[in-house]
Colleague: 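The structure under discussion is supplied below as structure tokens; questions concerning it will follow.
It should be emphasised that the depicted structure is a prediction, and the values quoted were computed from it without experimental measurement. Letters A, B, ... mirror the listed sequences (proteins, then strands); counts begin at 1.
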There are 2 protein chains.
Amino acid sequence: MTRRITAKDIAMQAGVSRSAVSRAFTKGASVKPETRTRILDVAENLGYRPNAIARSLIKQETDLVAVVTGSEDNIYDMYFFDRLALRLQHEGKWGLLVRAERDEDISKKLGEALMYPVQAAIVRAGTVNTTIVEQCQRLKVPLIFTGPCPVAGADSVWCDNEEGARLAVDTLIQRGCRKIAYLGGDIRMLSENSRRKGFFDAMKTFGLEPFAVLDGDFYHADGYSNGVQLLTARDVPDGIFCANDAAAMGVLDAAKQVSNLRVPEQLAVIGFDNIPMAAWPSFDLTTIDNPIDLTTQAVADTLKKRLDAPGLPEMSVAITPKLVLRGSA
Amino acid sequence: MTRRITAKDIAMQAGVSRSAVSRAFTKGASVKPETRTRILDVAENLGYRPNAIARSLIKQETDLVAVVTGSEDNIYDMYFFDRLALRLQHEGKWGLLVRAERDEDISKKLGEALMYPVQAAIVRAGTVNTTIVEQCQRLKVPLIFTGPCPVAGADSVWCDNEEGARLAVDTLIQRGCRKIAYLGGDIRMLSENSRRKGFFDAMKTFGLEPFAVLDGDFYHADGYSNGVQLLTARDVPDGIFCANDAAAMGVLDAAKQVSNLRVPEQLAVIGFDNIPMAAWPSFDLTTIDNPIDLTTQAVADTLKKRLDAPGLPEMSVAITPKLVLRGSA
DNA sequence: CTATAAATTGCACTCGTGTGCAATACAATA
DNA sequence: TATTGTATTGCACACGAGTGCAATTTATAG
């Protein structure tokens, strides 16, 4: 591996001291304009750029932010991640990718990643891992949770899933549904728990018993099989709230395939997240929008505040989801 | 910002020299077992871990790999990125996220990112940017292109899109189609160009003229509107090859909506990429699988080879796509 | 032309860590 | 016990860059 060009090389080539090179790259530093030009020319020629790693050592700070994601490979999360990456880039931060294969590995991987002096860690994981929080606290690395259910000791930006579930139930009821089923996701996920809670609470408000409650895993196939089960029974629901869009689409597919219920007249279906596909004509899915832009913006804001004032008390920002009315309910 | 715990702190607390701390963390270094234990205990207590940045300075290498992506937000790319991240993590590399908003910004962003001494850069971009290659060459940073059309001066792993398109045409012809349309993607994209070329070549082989050729942008909405246009004309095609799955799904939706053509009997549709949604019952899309695992594996292999032997001649690995037969053709 | 102020430059130290080398402590052998 | 060999340890330097301070050059005023 050929050696990287250093400031020393530039200094020799340009006939100046190494400090001069450093100053040439420092805005506002005192260097004679011609000298700076000459140095920058030489640097350009040799393909030099200051080593961010050496610089950060002395400046005592980096622009690195660990971006930690768990094992979940659902579509919404991918979009979310993509937008988050973009937002961080806008803020002048460099994301250090920490990708755990299973949720249990998250804290381990993050631990390794923290060998790099990151400014903060942004974590998006389905299940909460207390170890992560402790780890970051001990290393004094600010931690921002992206997703539901804040944990003491970390900032968090979370979608108000309970509110979203209430919105869904309200809408179904308003549509005239009375036999409402809930098709949940993986119960280990925090988002699932709060969506489920919101569902039960809302139903209680209306004095209704859930028609059925099924567990699932947030995937289309799961929504499909659960949908088949629900819709081939003797008594079928007239409304289904699904814990995410993929599952809802599975239900819609099942409805088409194994029943001749008309959607939304005889069967109303509502999803959660509002992934781009929900708008596709074949689904035309009414859903609860989990606002990516608002959320990533809030993450960026929280990050900035936290870095500006490390002593600030814990921050917890709730993002309110909203109904997106389409053809399925 | 509270100062990070350093080896010096540990050394004082444990009553040893700083070198001892360093050695305690270096496998195979000469330290008395009890001393090491004591040091590691203190380190554990104080939440210390060696600063990767300082270490990399002296070791003259990092585990960082720049992962560069352009503006394209299509579903396949997101899955691809996710799997690539996972693979890199497996290889013990840390991805440095470089996310450009527009393709033109890629080289600029990468340039900034190269202030970090990365081992290599992995680039996935729709359009090829010669600047990127020059930049990496000058900085002597190995560059691996992920995607079609290698550029001189960089390694590349690419899907044989021409072959994929041929496969699609073969299949359509075998199904009895003779009036075959091509629904392309953004013509600035390299993958589009080779898929298109493959399509034309294959058609020529069979002595057929394309029934129609439409430009698009790889999105569902585009496939839908182009589909409507194609299928509401006086004369309609009996087979459509789409440049990616999303567009193909748009076509299928259009077929359902504005025609009563039976798929696949009267209209066969083939996509490209094989995103997970292609398997969903509502689409059941026959498509050309663009193998993510093979590709990311090849990227990892190429990376390893390149790092082991920087002097090796340019590598170009072709990944052969294969047909996935489902219900749409 | 000289005196003074301002701009430019280089020296030397610093950041946190790894490591060769020499010094020391300990164990094994005679 | 004396001697040799081996395991530990600390010192000092290195990595690449930023910066205070003092030395030097240049510009400005008198």
Colleague: Heavy-atom distance under 4.5 Å between the side chains of Glu192(A) and Asp186(A), does that happen here?
Modeller: no
Colleague: Test the Arg124(A)-Phe80(A) pair against the cation-pi criterion, namely NZ or CZ under 6.0 angstrom from the six-membered ring centroid and within 45° of the ring axis.
Modeller: yes
Colleague: Shoot me the first and last contacting nucleotide of DNA chain D against chain A, ordered 5' to 3', at under 4.0 angstrom to non-hydrogen atoms.
Modeller: dG16(D) to dG20(D)
Colleague: Any pair with a residue in residues 22-34 of chain A that passes salt bridge (charged side-chain N to carboxylate O under 4.0 Å, His left out), sequence neighbours left out, goes on the list, sorted by first then second residue, please.
Modeller: none
Colleague: Do the non-hydrogen side-chain atoms of Ile53(A) and Leu57(B) ever get within less than 4.5 Å of each other?
Modeller: yes
Colleague: Using a cut-off of strictly less than 4.0 Å between a heavy atom of the residue and any atom of DNA chain D, enumerate the qualifying residues of residues 31-42 of chain B by number.
Modeller: Val31(B), Lys32(B), Pro33(B), Thr35(B)
Colleague: Do Tyr76(A) and Asn290(A) have side-chain N/O donor and acceptor atoms under 3.5 Å apart?
Modeller: yes
Colleague: Determine whether Leu96(A) and Leu64(B) make a side-chain contact, defined as any pair of heavy atoms from C-beta on separated by less than 4.5 Å.
Modeller: yes
Colleague: Considering only distance and modelled atom types, tabulate donor-acceptor pairs under 3.5 Å from the side chains of residues 85-95 of chain B, sequence neighbours left out.
Modeller:
residue  : atom : partner   : partner atom : Å
Arg87(B) : NE   : Thr296(B) : OG1          : 3.4
Arg87(B) : NH1  : Gln297(B) : OE1          : 2.5
Arg87(B) : NH2  : Asp293(B) : O            : 3.1
Arg87(B) : NH2  : Thr296(B) : OG1          : 3.2
Gln89(B) : OE1  : Arg99(A)  : N            : 2.7
His90(B) : NE2  : Glu101(A) : OE1          : 3.0
Glu91(B) : OE1  : Lys304(B) : NZ           : 3.3
Lys93(B) : NZ   : Gln119(B) : OE1          : 2.9

Colleague: Is the shortest heavy-atom distance from the side chain of Asn51(A) to the side chain of Tyr116(B) under 4.5 Å?
Modeller: no
Colleague: Give me each pair satisfying salt bridge (charged side-chain N to carboxylate O under 4.0 Å, His left out) with a member in residues 130-139 of chain B, each pair once, sequence neighbours excluded.
Modeller: Glu44(A)-Arg138(B)
Colleague: Each nucleotide in nucleotides 11-17 of chain C should get exactly one letter: B, S or -. Can you fill that in based on protein heavy atoms under 4.0 Å?
Modeller: BB-BBBB
Colleague: Is any side-chain heavy atom of Val141(B) closer than 4.5 Å to a side-chain heavy atom of Gln135(B)?
Modeller: no
